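Given the structure is predicted, the values throughout are model-derived calculations rather than measurements.
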Amino acid sequence: MAGGAPRFDIPEADAFTRTYWEAAAQGSLLIRRCADCGRAHHYPREFCPHCWSEDVTWEPASGHATLYTWSVVHRNDLPPFGERVPYVAAVVDLAEGPRMMTEIVECEAAGLRAGTAVEVRFRDGIPVFRPR
């Protein structure tokens with residue numbers, strides 16, 4: 001809480017996701033990869049959503065992605081989003097395969113196109129993406 005007001009943009013890490021959020025705070029994007037089927041996934045889970053194996057490990061992602069879809073948010077009353085409107089909520093395809101929900105920053109929404117190459121940046125330990 002900043003100044004006593006709750007913030008809705010900072011996640012609460014639990015015992016499992018703490019590794020992910022600590023890496024993000026240091027500027028590193030992690031994904032999970034299955035040792036049995038070899039596929040990567042995101043959001044972090046303790047098992048592979050593709051083959052259900054529990055033999056999954058953390059690995060650094062390249063931070064490169066392409067824009068899959070997006071929406072411009074013009075109203076959000078939750079702090080601190082109201083100060084950021086309009087902003088671009090998006091889904092990107094990570095170079096490693098998984099899709100990830102995020103925000104697109106440092107560009108005008110009118111210039112976005114599906115397939116736009118983007119790269120990760122971090123704001124307050126949260127991965128966001130900007131055009132490459």
Do [X] and [Y] belong to the same hydrophobic cluster, where Ile, Leu, Val, Met, Phe, Trp and Tyr are linked whenever their side-chain heavy atoms lie under 4.5 Å apart, directly or via other members?
X    : Y    : result
V118 : I126 : yes
V72  : L67  : yes
V73  : W70  : no
V85  : L78  : yes
W21  : L94  : yes

Does the side chain of [Y] come within less than 4.5 Å of [X]'s, by heavy atoms?
X    : Y    : answer
F47  : C34  : no
D124 : I10  : yes
S71  : V88  : no
S62  : E96  : yes
R130 : C107 : no
T66  : V92  : no
V56  : D36  : no

Proximity of Y87 and F81 rings by center, below 6.0 Å: yes

Measure the spacing between [atom1] of [X] and [atom2] of [Y] and express it to the nearest 0.5 Å.
X    : Y    : atom1 : atom2 : value
T17  : L30  : OG1   : CG    : 11.5 Å
E106 : F129 : CD    : CZ    : 12.5 Å
D77  : F8   : CG    : CZ    : 11.0 Å
N76  : E83  : CG    : CD    : 11.0 Å
R121 : I104 : CZ    : CD1   : 12.0 Å

For R32, all residues meeting side chain to side chain donor-acceptor pair (under 3.5 Å), sequence neighbours excluded: none

Closest heavy-atom pair and its distance - C37, H50: SG-CB, 4.2 Å

With sequence neighbours excluded, tell me which residues meet side-chain contact (heavy atoms from CB on, under 4.5 Å) with [X].
X    : value
R123 : R84, E103, V105, V128
A117 : R132
F122 : A24, L29, V120, P127

Which residues share a salt bridge (Lys or Arg N to Asp or Glu O under 4.0 Å) with D14, sequence neighbours left out: none

Are more than 12 heavy atoms from other residues, nucleotides or ligands located less than 6.0 Å from atom [atom1] of [X]?
X   : atom1 : result
Y43 : OH    : no
E54 : CD    : no
R39 : CZ    : no

Under-4.0 Å salt bridge between R33 and D55: no

Which residues share a ring pair (Phe, Tyr, Trp, His ring centres under 6.0 Å) with H42, sequence neighbours left out: Y20

R99 charged N/C atom sitting above Y68 aromatic ring, 6.0 Å / 45°: yes

